[in-house]
Structure formats: structure tokens, C-alpha cells
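Heads up: the structure comes next, in C-alpha cells.
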Amino acid sequence: MNDFLTGRYTMDEEFDALVAKGKKSEKEVEGMKQLANEIQYAIVTRKLRPGKFSYHIVEMNEADK
């Protein structure tokens, strides 16, 4: 995952394997490759990094409903 986030790893080989196994067409894989490359480009150029998120559940009073 870290290699993908830094641009050292692409998904091309995995997508090509799907074509070789007959699970996806070449056209489908080209779209998948383009999307993965665009996502990776955005991550690398914007220097995005994984973060933690927490969700808080707020209880509503009867008057708030």
C-alpha cells in the first residue's frame, strides 16, 4: 500500500492478469488502469496520506426530534 501511495507501484500487472485469466476485457481493464493512475496521481501530487477518522454518535433528545 505504501508503494502505491508514493507512486513506486502501479496496478497495471494485476489488471493485465485479469485479462490473461479471461475475467475482464481489454477495454474494461484500460478504464480500470486509467482510474487507478488518476487516483495515484492525485495522491502523489497533493501529498495525501492516510488518516484516522472517528465517528461520534450523538443521542437526540425527544425535543430535538
Side-chain angles (χ1 to χ4, degrees):
M1 182 64 128
N2 287 335
D3 286 343
F4 180 80
L5 295 177
T6 59
R8 292 187 302 253
Y9 176 81
T10 65
M11 296 295 296
D12 291 353
E13 289 180 18
E14 282 75 16
F15 293 145
D16 291 338
L18 293 174
V19 174
K21 293 177 184 177
K23 295 186 177 187
K24 297 284 182 186
S25 70
E26 188 68 41
K27 184 177 180 181
E28 288 175 304
V29 166
E30 286 305 316
M32 294 165 65
K33 283 181 183 180
Q34 181 178 350
L35 178 60
N37 289 335
E38 289 174 7
I39 291 170
Q40 187 177 44
Y41 178 78
I43 291 169
V44 171
T45 58
R46 296 178 187 172
K47 299 178 182 169
L48 301 176
R49 296 290 172 252
K52 286 186 179 181
F53 296 94
S54 62
Y55 296 93
H56 302 280
I57 298 174
V58 178
E59 211 173 292
M60 292 175 52
N61 295 326
E62 284 297 318
D64 295 334
K65 291 182 183 178

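Side-chain atoms of Glu30 do not come within 3.5 Å of backbone N or O of Lys27 as any donor-acceptor pair.
Applying the salt bridge (charged side-chain N to carboxylate O under 4.0 Å, His left out) criterion to Arg8, with sequence neighbours excluded, gives Asp3.
Using a 4.5 Å cut-off on side-chain heavy atoms (C-beta onward), Met32 and Leu18 make contact.
Other residues, nucleotides and ligands contribute more than 12 heavy atoms inside 6.0 Å of the CD atom of Glu38. Counting heavy atoms of neighbouring residues, nucleotides and ligands inside a 6.0 Å radius, atom CZ of Arg46 does not exceed 12 of them.
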Can you list the steps and then say if Gln40 with Leu5 is a side-chain contact (heavy atoms from CB on, under 4.5 Å)?
CA-CA 7 Å; Gln40 187 177 44; Leu5 295 177; over 6 Å; no
Residues Ile43, Thr6; criterion side-chain contact (heavy atoms from CB on, under 4.5 Å); working and verdict:
CA-CA 8 Å; Ile43 291 169; Thr6 59; over 6 Å; no
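Residues Phe4 and Tyr41 fall into different hydrophobic clusters, defined by Ile, Leu, Val, Met, Phe, Trp and Tyr side chains chained together at heavy-atom separations under 4.5 Å. A single hydrophobic cluster is not seen to contain both Val44 and Ile39; linkage of ILVMFWY side chains at heavy-atom distances under 4.5 Å, directly or through other members, places them apart.
The distance from the CG atom of Asp16 to the CE atom of Met11 is 11.0 Å, given to the nearest 0.5 Å.
If you run side-chain contact (heavy atoms from CB on, under 4.5 Å) between Phe15 and each of Glu26, Glu28, Lys33, only Lys33 comes through.
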